[in-house]
Amino acid sequence: MARIMARYEPSEIEPKWIERWEAEGLYRASDDPRDDRPRFYALDMFPYPSGDLHMGHAEAFSGGDAVARYKAMQGNDVLHPIGWDAFGLPAENAAIKRGIHPKEWTYANVEQQATSFRRMGMSFDWSRRLNTCDPEYYRWTQWLFSRFFERGLAYRKTAAANWCPHDQTVLANEQVKDGTCERCGSVVVRKDLTQWFFRITDYAQRLLDDMDQLTEWPERVLTMQRNWIGRSEGATVTFEIAETGNTVEVFTTRPDTLWGVTFFVFAPEHPMVPELAKAGGTWDQVEALLNRQQVTPLTDKEQAETREGIALGVHVVNPVNGEKVPAFVAPYVLMEYGTGAVMAVPAHDQRDFEFAREHDLPVRIVIQPGSEHLDPQEMTEAFAAEGVMVNSGPFDGERSPQSIATVTAWLQQQARGEASVSYRLRDWLISRQRYWGAPIPIVHCPDHGEVVVPDDQLPVLLPEDVDFRPGGQSPLARHEGFVHTTCPICKGPATRDTDTIDTFVDSSWYFLRYCSPREASGPFDPDAVARWMPVGQYTGGVEHAILHLLYSRFFTKVLHDMGLVGFTEPFPRLMNQGQVIFDGASMSKTKGNIVEPMPIVQAWGADTMRVMMLFAGPFEDDIDWKLIAPEGDRRPGVTSWLGRVYAAVFDAAASDAEQSGALTRTQHRTVQGVTEDLERFRFNVAISKLQVLSNELRAALDAGAGGRQAAEALTLLLAPFAPFLAEELWREALDHPESVHRAPWPSFDPALTTRDRITLVVQVDGKVRDRIEIESGADETAIEQIARASENARRALEGRELAKVIVRAPKLVNFVTKR
RNA sequence: GUCGGAGUGGCGGAAUAUGGUAGACGCGCUAGGUUGAGGGCCUAGUCCUCGCAAGAGGGUGGGGGUUCAAAUCCCCCCUCCGACACCA
């Protein structure tokens, strides 16, 4: 068999097409309002510019690019933008280490990543490129801050904040992992600080409710967000201070245990604590505790474990039975949750139980389990399961937890409490005491307080001549020229706020900016946003399941309430790619096991890198690089396959022979299958189907038959995965003048997706006894007859009595015998 | 502990939405061919046990159930992974 022995040379093919595509403006979104094509917004989570791209980017963007290209071939006007999340701590830390400016470091990395993306052949609309650290971008981040401020959604308060002693900055709750700083791993301490917050808690219920719209999100992400918001239903109950007559509210999810309250606990930061301690004559000890907390704050872990506490010397009155119980102050009660004070029910709450044992307080059982009888003396842990209410006045004998509702109704009727809902979600702390971020556009005036910088004075430029080494306060505070300004209202001397905005604010609206990236009169052109949003497909790592995705959802709802956007959810369809790991462990600089994609691209080509990553396994699963890496300089299996495709398509193009019916059927079946797989992001399965088609094409050509149509279909289907090879084959082998990436996605004829010969399976009592090749299209009677003629089936049926025959045309007959 | 997800060859994984040939496709491995050698490329084989073969038996974490038929649906259990975890 004579074959054209042309060799597949990615290093010659790929650079050529990069230039041609750019010259042809192939990937520019038209965004012409008169363009009547449907629009599709394919969005990838934008990268952080630390060094060159890593393997995780390679996988994620290969998937995102496949979707964008597929949608374009389907006739959509596709918006597939790229930009950089370019503000942030790592730039600053790296800059300090290397003695260069964060700006220089950042832009150098952005350029390197852009170069790598280009070499990979990503179908980005480069004309929309943006960086969050460009003044033209952060001007609008500041503008949005101002709008939030005006609406009361941005505010400053003093509260216990997460302080990272290493990075010398506060962190959002979401940036603390297991009590340590997400970035550097240092143990985070709680410190009272005055900070800026966004009032995301106002949107807690809507963030929860609107998850109904997110039917195309992975279940685990929805669950994580639900847990993070942490809605709890319960009741607010009002207690009175016996000694002072003041009232204090508590939130409880267990109003059915109210009769079991034996003491009461305030968080140390609770505003009533000083006056109560003074009234109770315990201020000296309490003050010592508060001061110690301030000087050596507890870590999350310490706070979680301590059961220390001080009796305040005052008592609260239990509204359900008039009992006076002692009040304590203890760090295990958090000011940030509920009301900052709790009614303690040691018999039925483990924390209260431990505190009671530590401080020798009574334990009173008010829920008895059905089986054994609880004895307060012998209990070793709180009883929190179902049971029957006892010692509970009018409610004795009621079943708990069903009784929660009746008790709550009764409290409400008696005006001693009411049903209420509490959320775990806290307001979003957005100020940072670091340099490389957008300055908060606020001026502090001695007469007018916090004054927002007028829009026409934005951006508040980040000065470059700053000593940006961390020092406990914002580096900007040391820049005299930045700090001193005038009050926008009275023109008197005033100072600028010297904190910078959390970079998660930058990334909470970048997807809107992409719709009109050069817009000069606002953060975005509402018409352009209306044309493109919401995003058609959002692709990125699951590490953003809470932070970025929750914040972006919040931003979108605020913008919706401001009338700037017409939708409430930005990303109805979300796809999370898995992590790329190495030998079972995550890649990291400290482990020195980072693999970068560019050496693979240099050695074997971008198409190989893409197909390798997408074929390695399900997109959402982790990929262990050790298991798929080519050994030494051996040719990767993927490259071999692409080489066989190359040769087969050239051979098919050169052949005048007729294509067989069987190959045509495989062709149509493959078009159908790959289309379905792309809709469901099953790239690995799609590629396996392309391999089947290319194997059959090769076999057909070797047998002297033709395969031009199959080769065309194969090339079109290959385009989302291996865009360079597909282009080379489309234009050079198959001789089309236009790009394969502008060709219409192939269609299939349902009548041709079935095989012409199929395997009839003959079973006896569900066990396969024979397989017979038959013409497809045989009806039930025909296949039953064929099955009855099977020698193997007859042998298995010998000596048994036939009970019934199950016939499922066209491919199964099951003979069921009597038992 | 709570909430999610997942357990299939030596390996990555198909088949699960829609119950109907388990192991597609690929990696690796074995044998052979081509080549000065290596790489590359090509051909064949590759779930386990018995058998020369035809074939038979077993097999999708474990146990039970539904069904003519279960990797797939239902119940219980085990293991692994992930998130959250004094949230009152």
Side-chain angles (χ1 to χ4, degrees), chain A residues 5 7 177-178 218-228 230-232 234 250-254 257 265 267 300-301 303-307 330-334 336-345 348-352 354-355 384 422-426 542 545-546 579 612 615-618 620-624 626-628 630-641 643-644 647 680 682 684-692 694-695 702 758-771 791-792 795-796 803-808 811-817 819:
Chain A
M5 292 313 285
R7 254 182 80 83
K177 298 280 171 217
D178 294 325
E219 194 54 47
R220 60 176 166 163
V221 176
L222 292 174
T223 304
M224 282 162 75
Q225 293 217 352
R226 232 175 254 126
N227 292 345
W228 189 261
R231 180 190 155 101
S232 294
V250 296
F251 172 76
T252 178
T253 53
R254 295 293 305 275
T257 63
V265 191
D300 277 12
K301 201 171 150 61
Q303 184 165 31
E305 283 164 2
T306 181
R307 290 291 174 267
Y332 87 88
V333 174
L334 306 174
E336 298 82 22
Y337 187 77
T339 65
V342 300
M343 57 178 233
V345 186
H348 306 296
D349 181 283
Q350 186 59 25
R351 300 152 296 181
D352 298 345
E354 288 165 15
F355 192 86
S422 200
Y423 300 91
R424 208 193 73 113
L425 183 70
R426 312 276 163 78
V542 73
I546 294 174
Q579 311 256 58
M612 192 184 274
F615 185 55
E620 62 275 17
D621 288 6
D622 288 353
I623 293 175
D624 195 330
K626 198 179 181 191
L627 301 178
I628 65 164
E631 281 176 45
D633 59 356
R634 287 179 68 148
R635 201 171 198 223
V638 162
T639 312
S640 300
W641 173 61
R644 288 195 296 276
R680 296 166 59 191
R682 293 154 34 99
N684 58 327
V685 186
I687 291 166
S688 75
K689 284 172 184 160
L690 294 178
Q691 295 181 340
V692 171
S694 76
N695 289 347
D702 287 350
I758 56 163
T759 307
L760 171 65
V761 175
V762 184
Q763 297 180 335
V764 175
D765 290 328
K767 272 196 203 308
V768 179
R769 291 299 167 183
D770 208 353
R771 297 186 170 96
E791 269 306 316
N792 288 345
R795 206 176 319 128
K804 61 173 162 177
V805 184
I806 309 278
V807 184
R808 290 284 177 276
K811 58 178 183 183
L812 183 117
V813 175
N814 187 10
F815 295 107
V816 184
T817 62
R819 321 192 181 180

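All values below come from the heavy atoms of this structure, side chains included, with hydrogens, waters and symmetry mates left out. Reminder, nothing fancy here: chain letters follow the sequence lines and each chain counts from 1.
Of the candidates B:A14, B:G58, B:C3, the closest approach to any side-chain atom of A:Val685 belongs to B:A14. If you check B:A14, B:C87, B:C68 against the side chain of A:Arg808, the one that comes closest is B:C68. Closest to the side chain of A:Val761, from the set B:A88, B:U21, B:G57, is B:U21. Of the candidates B:A83, B:A22, B:G5, B:A83 carries the atom nearest the A:Met224 side chain, counting heavy atoms from C-beta on. Closest approach to the A:Leu334 side chain among B:U21, B:G4, B:C87 is made by B:C87 (side chain taken as heavy atoms from C-beta onward). Side chain of A:Asn792, nearest nucleotide from B:A85, B:C68, B:G55: B:G55. Checking B:C87, B:C42, B:U21 against every side-chain atom of A:Arg424, the shortest atom distance belongs to B:C87. Listed candidates were B:G40, B:C68, B:A22. Nearest to the side chain of A:Asn814 is B:C68. In the set B:A88, B:G20, B:G39, B:A88 carries the atom at the smallest distance from any side-chain atom of A:Ser232. Nearest nucleotide to the side chain of A:Ile546, out of B:A88, B:A83, B:C41: B:A83.
Rounded to whole Å, the separation between the P atoms of B:A17 and B:C75 comes to 16 Å. Annotation: B:U72 and B:G1 have their C1' atoms spaced 32 Å apart (nearest Å). Comparing B:A70 with B:G55, their P atoms sit 23 Å apart, to the nearest whole Å. For the C1' atoms, the distance linking B:G19 with B:U66 amounts to 12 Å, nearest Å. Taking atom P on both nucleotides, B:U16 is separated from B:U67 by 24 Å, rounded to a whole Å. If you take atom C1' in B:U21 and the same atom in B:G12, they sit 24 Å apart, rounded to whole Å. Of the P atoms belonging to B:G20 and B:A69, the separation is 14 Å, rounded to the nearest Å. Using P as the reference atom, B:C48 and B:A37 are 33 Å apart when rounded to the nearest Å.
A:Arg231 places its CZ atom 22 Å from the P atom of B:C84, with the value rounded to the nearest Å. When the C1' atom of B:G26 is taken as reference, atom CZ of A:Arg635 falls 16 Å away, rounded to whole Å. With rounding to whole Å, A:Ile628 atom CD1 is found 11 Å from B:C27 atom C1'. Note: CG (A:Asn684) to C1' (B:A14) measures 8 Å, nearest angstrom. Rounded to whole angstrom, the span from the OH atom of A:Tyr332 across to the C1' atom of B:C87 amounts to 13 Å. Look at CG on A:Leu690: it is 16 Å from P on B:A14, rounded to the nearest Å. Atom CG of A:Leu812 and atom C1' of B:A70 are 14 Å apart (whole Å). What separates CZ of A:Arg682 from P of B:A14 is a distance of 7 Å, to the nearest Å.
Across A:Ile758 and A:Lys811, no two heavy atoms sit closer than the pair CD1-CB, 4.2 Å. Nearest heavy atom pair, residue A:Ser232 against residue A:Phe251, reads O-CZ, 3.6 Å. Of all heavy-atom pairs spanning A:Glu620 and A:Arg220, the tightest one is O-NH2, 3.8 Å. Listed here is the closest heavy atom pair of A:Leu812 and A:Leu760: N-CD1, 3.7 Å. Nearest heavy-atom pair across A:Ala330 and A:Val265 is CB-CG1, 3.6 Å. Taking both residues in full, the closest heavy atoms of A:Ala344 and A:Asp352 are given as CA-OD2, 3.2 Å, listed atom of the first, atom of the second, then distance.
Within the nucleic acid shown, A:Phe615 comes within 4.0 Å of at least one base atom, counting heavy atoms only. Residue contacts for A:Lys689: at a heavy-atom cut-off of 4.0 Å it reaches no nucleic acid atom on any strand shown. Nucleic acid contact class of A:Asn695 (heavy atoms, under 4.0 Å, all strands): sugar-phosphate only. Looking at heavy-atom distances under 4.0 Å, A:Glu305 makes contact with a base. Contacts of A:Gln763 with the nucleic acid, taken as non-hydrogen atoms under 4.0 Å apart, include base atoms. No engagement by A:Pro218 is indicated, since no non-hydrogen atom pair under 4.0 Å with the nucleic acid exists. Residue-level contact check: A:Val333 touches the bases, meaning some heavy atom is under 4.0 Å from a base atom.
A:Val342 pairs in a side chain to side chain contact (heavy atoms under 4.5 Å, CB included) with only one of the listed residues (A:Val333, A:Thr252, A:Asp349), which is A:Val333.
Between A:Phe355 and A:Tyr332, the two ring planes are tilted [angle within 30° to 60°].
When the nearest nucleotides of RNA chain B are assigned to A:Lys804 and A:Gly230 by heavy-atom distance, the more 5′-ward of the two goes with A:Lys804. Mapping A:Thr639 and A:Thr253 onto RNA chain B via the closest heavy atom, the residue that lands nearer the 5' end is A:Thr639.
Within the 4.0 Å cut-off from OP1 or OP2 of B:G55, not a single side-chain nitrogen or oxygen of A:Arg769 is found. For the pair A:Arg634 and B:G38, the criterion of a side-chain N or O lying under 4.0 Å from OP1 or OP2 is not met. Listed pair A:Thr223 / B:G5 fails the phosphate criterion, with no side-chain N or O lying under 4.0 Å from OP1 or OP2. Within the structure, every side-chain polar atom (N or O) of A:Arg351 is placed at least 4.0 Å from both OP1 and OP2 of B:G1. When the side-chain nitrogen and oxygen atoms of A:Lys767 are compared with OP1 and OP2 of B:G58, one or more of them lie within a distance under 4.0 Å.
A donor-acceptor contact under 3.5 Å is formed by the side chain of A:Arg426 with the base of B:C87. For a distance-only test at 3.5 Å, the side chain of A:Arg680 qualifies as a donor-acceptor partner of the base of B:A17. With hydrogens and angles ignored, no donor-acceptor pair under 3.5 angstrom links the side chain of A:Arg220 to the base of B:G5.
In this entry the base of B:G9 is syn relative to its sugar, with a glycosidic angle within 90° of 0.
The side-chain heavy atoms of A:Gln225 and A:Trp228, taken from C-beta on, include no pair separated by under 4.5 Å.
Looking at RNA chain B, the stems built from 3 or more consecutive Watson-Crick or G-U wobble pairs, each pair with its key distances under 3.5 Å, are B:1-7 with B:78-84, B:10-12 with B:25-27, B:28-34 with B:40-46, B:47-50 with B:55-58, B:61-65 with B:73-77.
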### Query
After noting the C-alpha distance and the side-chain angles of A:Ile628 and A:Ile623, does the key distance pass the side-chain contact (heavy atoms from CB on, under 4.5 Å) rule?
CA-CA 8 Å; A:Ile628 65 164; A:Ile623 293 175; 3.6 Å; yes
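With respect to A:Lys767 and A:Asp765, no salt bridge is recorded, no charged nitrogen being found less than 4.0 Å from a carboxylate O.
With sequence neighbours excluded, the residues that form a side-chain contact (heavy atoms from CB on, under 4.5 Å) with A:Val768 are A:Val761, A:Gln763, A:Arg771.
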